[in-house]
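All values reported here derive from a predicted model rather than from experimental measurement.
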Amino acid sequence: DTAFENALYKALQASGMKISNYGTVLFTIADQNKAEALPIAKRFYDLGFNLIGTAGTAAYLKENGIRCKPVVKLQEGDEMIQWIRSGHVKYVINTMTNNDNKVRKDGFQIRREAVEHNIPTLTSLDTVRILLDVLESITIRVSVIND
């Protein structure tokens, strides 16, 4: 395509990624990535997506003015898995630290569940930014006319 975002959209679709411009985004973000993920979450929120996240991620987003419903970690229950299985989650954004075996195991289970339900799962925030460029180019938005 002659437009960059259109070419990206076609490439993502050709790779089998299911592109959706509505729904819920599940954020599970490692502490060291939270600041970098903040503008990404804001972009999803501004597009009209609902955001859910683990307690730490949800609290961080809320502290920075972004509404995000907290869900319990896998170690505490299966709420996150139920969200994925429900079909409401359209994207999973999962970054992790390599230092904690429990976190690594939970991340694996979250990603596996998402892949089994054909939900795009992104572990690189750079890739998420590219996806957002595509979503912003294909999403119709309404703006207020200022006098």
(message) Could you check whether Arg43 pairs with Asp46 (Lys NZ or Arg NE/NH1/NH2 to Asp/Glu carboxylate O, under 4.0 Å)?
(response) no

Can I get a per-line list of side-chain donor-acceptor pairs under 3.5 Å for residues 77-86, giving both atom names and the distance, sequence neighbours left out?
unit_1, atom_1, unit_2, atom_2, d
Asp78, OD2, Gln82, NE2, 3.1
Glu79, OE1, Val72, N, 3.0
Arg85, NE, Glu113, OE2, 2.7
Arg85, NH2, Glu113, OE1, 3.4
Arg85, NH2, Glu113, OE2, 3.4
Ser86, OG, Trp83, O, 2.7
Ser86, OG, His88, N, 3.2

(message) Atom CZ of residue position Arg67 - does it have more than 12 heavy atoms of other residues, nucleotides or ligands inside 6.0 Å?
(response) no

(message) Nearest 0.5 Å, please: how far is CG in Leu61 from CD1 in Ile66?
(response) 5.5 Å

(message) Suppose we screen for side chain to side chain donor-acceptor pair (under 3.5 Å). Which residues come up paired with Gln109, at least two apart in sequence or across chains?
(response) none

(request) Would you sort out whether Tyr60 and Leu38 count as a side-chain contact (heavy atoms from CB on, under 4.5 Å), showing the intermediate values? (result) CA-CA 8 Å; Tyr60 181 82; Leu38 184 61; 4.1 Å; yes

(request) Would you name the heavy atoms of Lys90 and Pro120 that are closest together and state the gap between them? (result) O-CD, 3.2 Å

(request) Would you indicate whether the side-chain heavy atoms of Phe27 and Leu51 approach each other to under 4.5 Å? (result) yes

(message) For residues 17-31, which residue pairs pass the salt bridge (Lys or Arg N to Asp or Glu O under 4.0 Å) check, not counting sequence neighbours?
(response) Asp31-Lys34

(message) If you define the side chain from C-beta out and look only at heavy atoms, does anything of Leu125 sit under 4.5 Å from Ile40?
(response) yes

(request) Check whether any side-chain heavy atom of Met17 lies under 4.5 Å from a side-chain heavy atom of Leu122, and answer yes or no. (result) yes

(request) Examine distances only and state if a side-chain atom of Ser15 and a backbone atom of Leu12 form a donor-acceptor pair shorter than 3.5 Å. (result) yes

(request) For Thr57 and Ile29, indicate whether the former's side chain and the latter's backbone hold a donor-acceptor pair under 3.5 Å. (result) yes

(request) Would you sort out whether Thr121 and Arg112 count as a side-chain contact (heavy atoms from CB on, under 4.5 Å), showing the intermediate values? (result) CA-CA 9 Å; Thr121 305; Arg112 180 177 176 177; over 6 Å; no

(message) A side-chain contact here means heavy atoms from C-beta on lying under 4.5 Å apart; do Leu135 and Phe49 qualify?
(response) yes

(request) Using the six-membered ring wherever Trp is involved, compare the ring planes of Tyr91 and Phe44 and label them parallel, tilted or perpendicular (cut-offs 30° and 60°). (result) tilted

(request) Applying side chain to side chain donor-acceptor pair (under 3.5 Å), name anything that partners Thr95, two or more places apart in sequence or on another chain. (result) Asn33

(message) Using modelled atom types and a 3.5 Å cut-off, is there a donor and acceptor pairing between side-chain atoms of Arg111 and backbone atoms of Gly107?
(response) yes

(request) Report the distance from atom CD1 of Ile138 to atom CD1 of Ile19, rounding to the nearest 0.5 Å. (result) 6.5 Å

(request) Report the distance from atom CG of Leu47 to atom NZ of Lys42, rounding to the nearest 0.5 Å. (result) 10.5 Å

(request) Decide yes or no on salt bridge (charged side-chain N to carboxylate O under 4.0 Å, His left out) for Glu36 and Arg129, but give the supporting numbers first. (result) CA-CA 11 Å; Glu36 185 181 356; Arg129 281 189 279 276; 2.9 Å; yes

(message) One pair to check against side-chain contact (heavy atoms from CB on, under 4.5 Å): Leu26 and Thr54. What are the steps and the verdict?
(response) CA-CA 8 Å; Leu26 168 61; Thr54 51; 5.8 Å; no

(request) Heavy atoms only: give me the nearest Gly53-Ala58 pair and the separation to one decimal. (result) O-CB, 3.9 Å

(message) What's the separation between atom CZ in Phe4 and atom CG in Asn6, rounded to the nearest 0.5 Å?
(response) 11.0 Å

(message) With rounding to the nearest 0.5 angstrom, report the OG to CG distance, Ser124 to Leu131.
(response) 11.5 Å

(request) Using a 4.5 Å cut-off on heavy atoms from C-beta on, say whether the side chain of Cys68 contacts that of Lys62. (result) no

(request) Go through the structure and list residues passing salt bridge (charged side-chain N to carboxylate O under 4.0 Å, His left out) with Lys10, not counting sequence neighbours. (result) Asp1

(message) Starting from Val115 and following side-chain heavy-atom contacts under 4.5 Å between hydrophobic residues (I, L, V, M, F, W, Y), which residues can be reached?
(response) none

(request) Check step by step if side-chain contact (heavy atoms from CB on, under 4.5 Å) holds for Val25 and Val89. (result) CA-CA 6 Å; Val25 180; Val89 173; over 6 Å; no

(message) As a quick check of understanding, evaluate side chain to side chain donor-acceptor pair (under 3.5 Å) for Thr28 and Asn94, giving each step before the final call.
(response) CA-CA 5 Å; Thr28 63; Asn94 175 239; 2.5 Å; yes

